[in-house]
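Everything quoted here is computed from the prediction, not taken from an experiment. The chain is numbered in sequence order, starting from 1.
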Amino acid sequence: MDALIIKGGNILSGEVDVSGAKNSALPIMAASILADSPCEIQGVPGIRDIFTMAEILSSMGAKVSVDKQTVKIDASGINDYTAPYELVKQMRASIAFLGPMLAKFGKAKVSHPGGCVIGPRPVDLHLKGLSELGAEIKIEHGYICAESNGLKGADIFLGGRFGSSVLATANVMMAAVMAEGNTVIESAACEPEIVDLGNFLVKMGANIIGLGSPRIIIMGVKRLKGVSHKIIPDRIEAGTFIIAGALCGKDLVIKNIVTEHLKALLDILRKSGVKIEAGKDGIVVNKTEKRKPVDIVTMPYPGFPTDLQAQMTTLMSLTPGISIITEKIYPERFMHVPELNRMGAKIHREASSTIAAGVKNLSGAPVMASDLRASASLVLAGLVAEGETLISRIYHIDRGYEKIESKFVRLGADIKRIQD
Ligand code: UD1
């Protein structure tokens, strides 16, 4: 298994290009099933989740090619409607096959994704939304088996205990675009990745209004055509580099970003005293010594993203004073905390919050990556820690970050990938 060795203390400068958004690319790949002709998706990140998604599509009978940043999908040969356990267990986003498979073929069998290291991951909202469109759904032998004789538009309230759901909104939207009549999704997710998926569907011929708002209205159409589409930049990768800049950047330029998608992060960082300027091609971040502590609460978009909570915890663990970070999306998502504490951080967990008393330095240590974003927080910690940090089980990071160590090395970091 691969591991990363990081020698901390280097200053990061130069330019880094953010890759396309994983969370856009994955549902958009699933949505390509709906098209009558091939789709071409550009700006796709070279990460493991994309290859897993491609593998699932191929296992169903689609023709898929992944060449650099372009994925071509011809779904005309699909003759198997199952997303199998062996592949789904590697990537929870496989649930995004349910909606388009049902809409296109009237049946879908997707392994139940269960929970994962960041806590329970229920799918009740996905099932509720699809049932209200007329699907018959059963859970059998660990699989979600859905069938329909023709979906029908409906008024669906899709809010849950933790607010809106990104992939439930994606699933219902993908199912409703070819349903008979109109669908209204109330409490829809407003994330930019949902807007990107919606724009892809609209290009294909779907009739959707209200994207980016909590009420999405969909007028069903009979067929959708294959199109070419470029994925939006990954705001979570961008945010990770911005936080790296706040920790150890000198005129670090982050390119290929949509600043508007990062407002919650930029606002908090500015409150903390981090110097961030809009440059010609992106944003420029500099390390600031005198940061102030902050109080952060994760929320659905446009709130502070849960996917940047762990990385922000690294920054706050090195910011003088007491910071509070409250996780409102995944109340158990704190696997990074004990590892950061092994490196000298002083973070105390209290229910779904962490309280970080800023320390002057972290010290390099062997640590274990547990999930995608927790791994990124440990990379950030390693970049500024004194001495050497060994991060094991980094396959998690390869799920969501394209060539993370090469990107950081080009900025001046000392990181090596080794076989552990
Ligand atoms: C997506 C993102 C993930 C991000 C998350 C929250 C993708 C591929 N993944 O995951 O990176 O961390 O949004 O921004 O886009 N919930 C229910 N019932 C459901 C579904 C969700 O209660 O049926 C809860 C979840 O447990 C969580 C909250 O709703 O507490 C939000 O989860 P959701 O938006 O569904 O996450 P995903 O779409 O799986």
Counting C-beta onward and ignoring hydrogens, is there a side-chain heavy-atom pair between Leu269 and Leu265 closer than 4.5 Å? yes
So how far is it from Tyr301 OH to Cys190 SG, rounded to the nearest 0.5 Å? 9.0 Å
In sequence, state the C-alpha distance, the side-chain angles, and the governing distance for Thr70 and Glu40, and then conclude on side chain to side chain donor-acceptor pair (under 3.5 Å). CA-CA 7 Å; Thr70 302; Glu40 183 176 291; 5.2 Å; no
Does the side chain of Glu132 come within less than 4.5 Å of Thr183's, by heavy atoms? no
Any donor-acceptor pair under 3.5 Å linking the side chain of Thr298 with the backbone of Phe304? no
Can you confirm whether Ile257 sits close enough to Thr259 that some side-chain heavy atom of one is under 4.5 Å from a side-chain heavy atom of the other? yes
With a 4.5 Å limit on heavy-atom distance, are the side chains of Ser272 and Thr319 in contact? yes
Rounded distance [0.5 Å steps], CD1 in Ile325 versus CD1 in Ile355: 10.5 Å
Quick one: does Leu247's side chain get under 4.5 Å of Leu383's, heavy atoms only? no
If I take atom NZ from residue Lys63 and atom CG from residue Leu57, how far apart are they, to the nearest 0.5 angstrom? 14.0 Å
With a 4.0 Å cut-off on N to O distance, would you call Lys138 and Glu147 a salt bridge? no
Short side-chain to backbone donor-acceptor contact, Arg291 and Leu318, under 3.5 Å: yes
Quick check on side-chain contact (heavy atoms from CB on, under 4.5 Å): which of Asn23, Asp234, Leu26 does Glu193 satisfy it with? Asn23
Go through it in stages, so that I can follow the logic: the residues are Asp371 and His396, the test is side chain to side chain donor-acceptor pair (under 3.5 Å), and I'd like the CA-CA distance, side-chain angles, deciding distance and then a yes or no. CA-CA 6 Å; Asp371 74 79; His396 291 288; over 6 Å; no
Would Ser363 and Glu386 satisfy side chain to side chain donor-acceptor pair (under 3.5 Å), going step by step from the backbone distance to the final call? CA-CA 5 Å; Ser363 65; Glu386 284 171 354; over 6 Å; no
Under a 3.5 Å distance rule, please check whether His112 uses its side chain to pair with a backbone N or O of Tyr143 as donor and acceptor. no
Using the side chain to side chain contact (heavy atoms under 4.5 Å, CB included) rule, take Leu362 and Arg342 through it: C-alpha gap first, then chi angles, then the decisive distance, then the call. CA-CA 9 Å; Leu362 294 177; Arg342 295 195 70 241; over 6 Å; no
Presence of salt bridge, Asp36 and Lys104, under 4.0 angstrom: yes
Apply the test salt bridge (Lys or Arg N to Asp or Glu O under 4.0 Å) to residues Asp307 and Arg333: give CA-CA distance (whole Å), side-chain angles for both, the deciding distance (0.1 Å), then the verdict. CA-CA 10 Å; Asp307 286 351; Arg333 190 177 205 176; 2.8 Å; yes
Could you check whether Glu289 pairs with Lys287 (Lys NZ or Arg NE/NH1/NH2 to Asp/Glu carboxylate O, under 4.0 Å)? yes
Would you indicate whether the side-chain heavy atoms of Lys407 and Tyr401 approach each other to under 4.5 Å? no
Okay, side chain of Asn256, backbone of Val18: is any donor-acceptor separation there less than 3.5 Å? yes
Please name the pair of heavy atoms, one in His336 and one in Ser377, separated by the smallest distance, quoted to 0.1 Å. CB-OG, 3.4 Å
Grab the two heavy atoms, one from Gly226 and one from Cys39, that are nearest each other, plus how far apart they are. CA-SG, 3.7 Å
For Ser213, side chain to side chain donor-acceptor pair (under 3.5 Å) partners two or more places apart: none
Would you say the side-chain atoms of Asp67 and Ser65 include a donor-acceptor pair closer than 3.5 Å? no
Over all atoms of both residues, closest heavy-atom pair of Ala54 and Val64: CB-CG1, 3.8 Å
Is Thr354 reaching over with its side chain to a backbone N or O of Ile347, donor-acceptor style, under 3.5 angstrom? no
Please round to the nearest 0.5 Å and tell me the distance separating atom CE of Met53 and atom OG of Ser94. 6.0 Å
Other residues, nucleotides, ligands: >12 heavy atoms within 6.0 Å of Glu260 CD: no
Would you say the side-chain atoms of Asp74 pair up with the backbone N or O of Ala62, donor to acceptor, closer than 3.5 Å? no
To the nearest 0.5 Å, what is the distance between CD1 (Ile418) and CD1 (Ile391)? 11.0 Å
Using a strict threshold of under 4.0 Å (side-chain N to carboxylate O), is an ion pair present between Arg92 and Asp49? no
Answer yes or no: is there a donor N or O on one side and an acceptor on the other, between the side chain of Gln309 and the main chain of Pro305, under 3.5 Å? no
Looking only at side chains, do Ser228 and Gln42 share a donor and an acceptor under 3.5 Å apart? yes
Ionic contact status for Glu332 with Arg349, cut-off 4.0 Å: yes
Should Glu186 and Arg215 count as an ion pair when the cut-off is N to O under 4.0 Å? yes
May I ask you to decide whether Glu15 forms a salt bridge with Lys255, counting only side-chain N to carboxylate O separations under 4.0 Å? yes
Step by step, would you call Lys403 with Ser19 a side chain to side chain donor-acceptor pair (under 3.5 Å)? CA-CA 10 Å; Lys403 301 185 194 128; Ser19 302; over 6 Å; no
Can you name the closest pair of heavy atoms from Leu130 and Asn171 and give their distance? CD2-O, 4.0 Å
Crowding at OH, Tyr85 (>12 non-hydrogen neighbours, <6.0 Å): no
Any side-chain to backbone donor/acceptor pair from Ser352 onto Pro331? Under 3.5 Å, distance only. no
Look at the side chain of Ser317 and the backbone N and O of Ala345, then say whether any donor-acceptor pair between them is shorter than 3.5 Å. no
Could you report the tightest heavy-atom contact between Ala244 and Leu380, atom names first, then the distance? CB-CD2, 3.6 Å
Can you tell me how far apart CG (Leu252) and CG (Leu12) are? Round to the nearest 0.5 Å. 6.0 Å
Would you please test Arg393 and Met1 for side chain to side chain contact (heavy atoms under 4.5 Å, CB included) and show each step? CA-CA 6 Å; Arg393 295 176 58 188; Met1 232 180 270; 3.9 Å; yes
For Met174 and Ala96, work out which heavy atoms get closest and say how close. CE-O, 3.3 Å
Can you classify the ring geometry of Phe200 versus His229 as parallel (below 30°), tilted (30 to 60°) or perpendicular (above 60°)? perpendicular
For residues Phe97 and Tyr81, establish whether the separation of their ring centroids is below 6.0 Å. no
Per side-chain contact (heavy atoms from CB on, under 4.5 Å), Gln311 is matched among Leu378, Ile242, Ile243 by Ile243
Check ion pair Asp295-Lys271 (N to O, under 4.0 angstrom): no
Return yes if some donor-acceptor pair links the side-chain N/O of Asp2 with the main-chain N/O of Gln419 below 3.5 Å, else return no. no
For Lys230, I'd like to know if atom NZ has over 12 heavy atoms of other residues, nucleotides or ligands within 6.0 Å. no
Are side-chain heavy atoms of Val172 and Leu133 found at a separation under 4.5 Å? yes
Flag the pair Leu125 / Thr169 as yes when at least one side-chain heavy-atom distance between them is below 4.5 Å, and no otherwise. no
